[in-house]
Amino acid sequence: MTRILSDLLPLQVEPTRHRGIGQYAWHTIDALLKHNAADQTHLLAIHPDLPAPPPFTTEGAAWRVVNVDQPAADYRAEAWLAFQPAYADMWQRIIDANAVDVLFVHSPFELVAPPHSRPARARLVLTVFDLIPLIFADHYLKTTPPWYAGRYAQVCDLIRHADQIITISDCSRRDIMERLGVAPTRIRVAPPGPSAFVLRPPTPETERSMRQRWRLRDGFVLCTTGYDHRKNLPRALDAYARLPAPLRQAYPLVVVCRLSAVEGQSLRSEIRARKLGRQVVLTNYVSEEALSALYRMATVQFFPSLYEGFGLPVLDAMACGLPVITSNCSAMPEVAGDAAVLVDPCDVDAMAAALARVLESETLQAELRARGLAQAVRFEWMRTGQQLASILSSSA
């Protein structure tokens with residue numbers, strides 16, 4: 001019997017629990033419990049001083065909760081070196097007391113607790129989604145305080161010495177091999193399925209309230225994005241601004257992006273500078289039900305990110321039958337297959353031309369919807385759970 005200890009920290013902290021990392025962690029644990037492998041027992045490590053993780057949907061699997069007895073609330077991220085020895089000792093006590101075979105860390109880069117250390121008498125399995133701060137070091141690591149860069153380097157070293165690494169795309173697998181020198185035999189790809197909320201149709205009331213709140217018409221361009229560099233939002237605005245005026249008037253750009261007050265002010269200044277006026281709607285953060293409705297109400301998903309470890313918004317849009325325009329780089333071609341229009345995210349003219357081509361052709365929209373739905377069914381959480389059960393058994 002393989003005893004697997006999972007750290008549920010990414011399901012207890014904001015904003016991770018609501019982002020792709022949290023979605024993946026919840027779904028993979030839920031799928032593992034549903035798979036209910038006869039040779040596995042799961043111990044779920046909960047940090048009791050943090051909000052409880054979302055409940056899992058399965059019963060009957062061999063699992064139980066273990067409390068982490070070092071409060072994360074006492075931790076100061078900038079002093080991680082001072083906290084790390086006690087944190088490592090605490091995890092080792094849990095491992096020893098429960099005869100754990102595998103420590104499964106679902107998000108090793110989280111900042112609300114010290115980084116993990118390699119345990120004794122248990123194999124270490126890590127989920128590594130991407131190496132974005134390392135790939136775009138000029139925009140991330142070189143602009144952060146020294147303590148953060150040091151901590152990131154510490155986690156990268158932990159990845160190099162893990163027994164098994166799980167990642168979400170062939171693109172991320174290549175990055176881990178090339179940038180951290182990890183042998184390919186120690187990296188396994190287990191791609192996600194669609195977010196659970198997109199498979200739940202929203203209520204008509206939700207759609208009506210959003211149309212009223214943001215004055216949405218029957219058609220619009222949806223851009224689910226972020227404010228950070230790799231999300232490529234300034235070029236997305238430039239591409240939209242180059243559309244003919246009648247297209248912009250018929251299809252406003254709806255930007256779904258969590259924004260601080262300062263970020264919102266800056267983004268509105270950029271919109272004014274491009275003379276886009278009310279043609280751009282900024283929703284800030286929206287609920288899962290609202291986002292599910294937007295995927296179904298939009299005409300096209302415009303997702304020209306510079307880099308994604310997977311690109312879950314691409315899969316979620318396709319699963320809702322929404323045509324997709326996305327980037328031709330990193331993992332996005334893996335996710336989209338032949339079901340999306342792929343563009344160079346650095347070529348503003350090419351992005352504008354792709355937007356115009358999709359918006360002006362109902363035939364192309366119908367073709368992309370059909371292809372997207374067929375592509376989306378290739379990604380399924382129970383299949384991911386079966387892959388992980390096999391990986392974890394082989395790691396014991």
**Report entry** Any donor-acceptor N or O pair under 3.5 Å, side chains N98, R64
**Finding:** yes
Report task. Apply side chain to side chain contact (heavy atoms under 4.5 Å, CB included) to the pair K34 and W381, showing each step before the final yes or no. Result -> CA-CA 10 Å; K34 284 179 179 175; W381 283 112; over 6 Å; no
Query raised in the report: Can you list the steps and then say if L5 with W91 is a side chain to side chain contact (heavy atoms under 4.5 Å, CB included)?
Result: CA-CA 10 Å; L5 174 65; W91 279 103; 3.7 Å; yes
Report task. Show your reasoning for whether side chain to side chain contact (heavy atoms under 4.5 Å, CB included) applies to V66 and L44. Result -> CA-CA 6 Å; V66 175; L44 307 182; over 6 Å; no
Query raised in the report: Would a 4.5 Å heavy-atom cut-off, applied to side chains only, mark R160 and L158 as touching?
Result: no
**Report entry** Y307 and C171, any side-chain heavy atoms less than 4.5 Å apart
**Finding:** yes
Query raised in the report: Do S327 side-chain atoms and S305 backbone N/O form a donor-acceptor pair below 3.5 Å?
Result: yes
**Report entry** Closest contact, heavy atoms only, T283 versus C257
**Finding:** OG1-N, 4.3 Å
Query raised in the report: Does some side-chain heavy atom of R230 sit less than 4.5 Å from a side-chain heavy atom of I132?
Result: yes
Query - H116 ring center within less than 6.0 Å of Y87 ring center - result: yes
Report task. Hey, could you give me the CD1/CG distance between I4 and L43, rounded to the nearest 0.5 Å? Result -> 9.0 Å
Query raised in the report: Is the side chain of R173 donor-acceptor paired with the backbone N or O of P184 at a distance under 3.5 Å, no angle test?
Result: yes
Query raised in the report: Among pairs that include at least one residue of residues 247-274, which meet salt bridge (charged side-chain N to carboxylate O under 4.0 Å, His left out), considering only residues two or more places apart or in two chains?
Result: D238-R274, E270-R274
Report task. Find out if a path of hydrophobic residues (ILVMFWY) with successive side-chain heavy-atom gaps under 4.5 Å connects I29 to M382. Result -> no
Query - Residue pair E205, R208: steps toward the side chain to side chain contact (heavy atoms under 4.5 Å, CB included) verdict - result: CA-CA 5 Å; E205 290 77 14; R208 280 197 297 270; 3.4 Å; yes
Query raised in the report: Does a sphere of radius 6.0 Å around CG in D218 hold more than 12 heavy atoms from other residues, nucleotides or ligands, not counting ones at 6.0 Å or beyond?
Result: no
Query raised in the report: Should the ring pair W26 and F56 be called parallel, tilted or perpendicular, given that the plane angle runs from 0 to 90° and is split at 30 and 60?
Result: parallel
Requested in this report: Answer yes when D96 and R121 have at least one side-chain N-carboxylate O distance shorter than 4.0 Å, and no when they do not.
Outcome: yes
Query raised in the report: L247, V341: one ILVMFWY side-chain cluster at the under-4.5 Å cut-off?
Result: yes
Requested in this report: Classify the side-chain pair T203/T206 by whether it contains a donor and acceptor separated by less than 3.5 Å.
Outcome: yes
Report task. Show your reasoning for whether salt bridge (Lys or Arg N to Asp or Glu O under 4.0 Å) applies to R296 and E207. Result -> CA-CA 9 Å; R296 288 166 169 82; E207 182 175 331; over 6 Å; no
**Report entry** T16 side-chain N/O to Q12 backbone N/O, donor-acceptor pair under 3.5 Å
**Finding:** no
Query - Flag side-chain contact, heavy atom, 4.5 Å: V300 against L368 - result: no
**Report entry** Candidate pair D163 and R118, rule salt bridge (Lys or Arg N to Asp or Glu O under 4.0 Å), full reasoning
**Finding:** CA-CA 9 Å; D163 294 288; R118 184 176 173 84; 3.1 Å; yes
Report task. Rounded to the nearest 0.5 Å, what's the gap from CD1 on I187 to CZ on R174? Could you check? Result -> 11.5 Å
Query - Sidechain-backbone polar pair: T384 side chain, E380 backbone, donor-acceptor under 3.5 Å - result: yes
**Report entry** side chain to side chain donor-acceptor pair (under 3.5 Å) contacts in which one or both residues fall within residues 341-360, not counting sequence neighbours
**Finding:** R242-D349
Query - pair L392-Q40: side-chain heavy atoms closer than 4.5 Å - result: yes
Query raised in the report: With a 4.5 Å limit on heavy-atom distance, are the side chains of L267 and L237 in contact?
Result: yes
Query raised in the report: Under 3.5 Å, is there a donor-acceptor pair between the R378 and Q375 side chains?
Result: yes
Report summary line: residues 178-199 vs side chain to side chain donor-acceptor pair (under 3.5 Å), sequence neighbours excluded, gives S195-D316
Report task. Establish whether L126 and L180 are linked, either directly or via other cluster members, by ILVMFWY side-chain heavy-atom contacts under 4.5 Å. Result -> yes
Report task. Start with the C-alpha distance between E308 and K231, add both sets of side-chain angles, then the distance that settles salt bridge (Lys or Arg N to Asp or Glu O under 4.0 Å), and finish with yes or no. Result -> CA-CA 9 Å; E308 295 290 325; K231 292 298 187 178; 2.8 Å; yes
Query raised in the report: Is there a donor-acceptor pair under 3.5 Å between the side chain of W80 and the backbone N or O of Y75?
Result: no
Query raised in the report: Do any pairs count as a ring pair (Phe, Tyr, Trp, His ring centres under 6.0 Å) and have a residue in residues 126-171, sequence neighbours left out, and if so which ones?
Result: Y24-F129, F109-Y152, F136-H229, H139-H229
Query - Whether D101 side chain and R3 backbone form a donor-acceptor pair below 3.5 Å - result: yes
Report task. Look at the side chain of T299 and the backbone N and O of V221, then say whether any donor-acceptor pair between them is shorter than 3.5 Å. Result -> no
Query raised in the report: Apart from L342 itself, which Ile, Leu, Val, Met, Phe, Trp or Tyr residues share its cluster (side-chain heavy atoms under 4.5 Å, direct or through members)?
Result: none
Query raised in the report: Do side-chain atoms of N232 reach the backbone of P304 as a donor and acceptor pair under 3.5 angstrom?
Result: yes
**Report entry** Minimal non-hydrogen separation, L306 against C346, with atom names
**Finding:** CD2-SG, 3.9 Å
Report task. Might you point out which heavy atoms bring L11 and A25 nearest each other, and give the distance in Å? Result -> CD2-CB, 4.0 Å
Query raised in the report: Do P191 and I168 touch side chain to side chain, with heavy atoms closer than 4.5 Å?
Result: no
Query raised in the report: For the atom pair CD1 (I21) and OG (S107), what is the distance rounded to the nearest 0.5 Å?
Result: 4.0 Å
Query raised in the report: Which pair of heavy atoms, one from V343 and one from A354, lies closest together, and at what distance?
Result: CG1-CB, 3.5 Å
Query raised in the report: With ILVMFWY side chains joined below 4.5 Å, transitively, what does L199's cluster contain besides itself?
Result: F197, V198, M210, W214, L216, F220, L222, V254, V256, V281, V286, L291, L294, Y295, M297, L322
Query raised in the report: Between CE of M318 and CZ of R371, what distance do you get to the nearest 0.5 Å?
Result: 12.0 Å
Query raised in the report: Between L32 and I391, is there a shared hydrophobic cluster once you connect ILVMFWY residues whose side-chain heavy atoms come closer than 4.5 Å?
Result: yes
Query - From N284 atom CG to L259 atom CG, the distance as rounded to the nearest 0.5 Å - result: 5.0 Å
Requested in this report: Using modelled atom types only, decide if a donor and an acceptor are shared between the side chain of Q301 and the backbone of A317 within a distance under 3.5 Å.
Outcome: no
Query raised in the report: Minimum heavy-atom separation for M351 to A239, with atom names?
Result: CB-CB, 3.7 Å
**Report entry** Pairwise side-chain contact, Y251 with Q279, heavy-atom cut-off 4.5 Å (strictly under)
**Finding:** no
Query - Side chains of S6 and H106, donor plus acceptor under 3.5 Å - result: yes
Report summary line: One should read off an interatomic distance between L9 CG and R17 CZ, to the nearest 0.5 angstrom, of 11.0 Å
Query raised in the report: Are any side-chain N or O atoms of S393 and backbone N or O atoms of A389, one a donor and one an acceptor, separated by less than 3.5 Å?
Result: yes
Query - Hydrophobic cluster identity match, L355 and V324, side-chain contacts under 4.5 Å - result: no
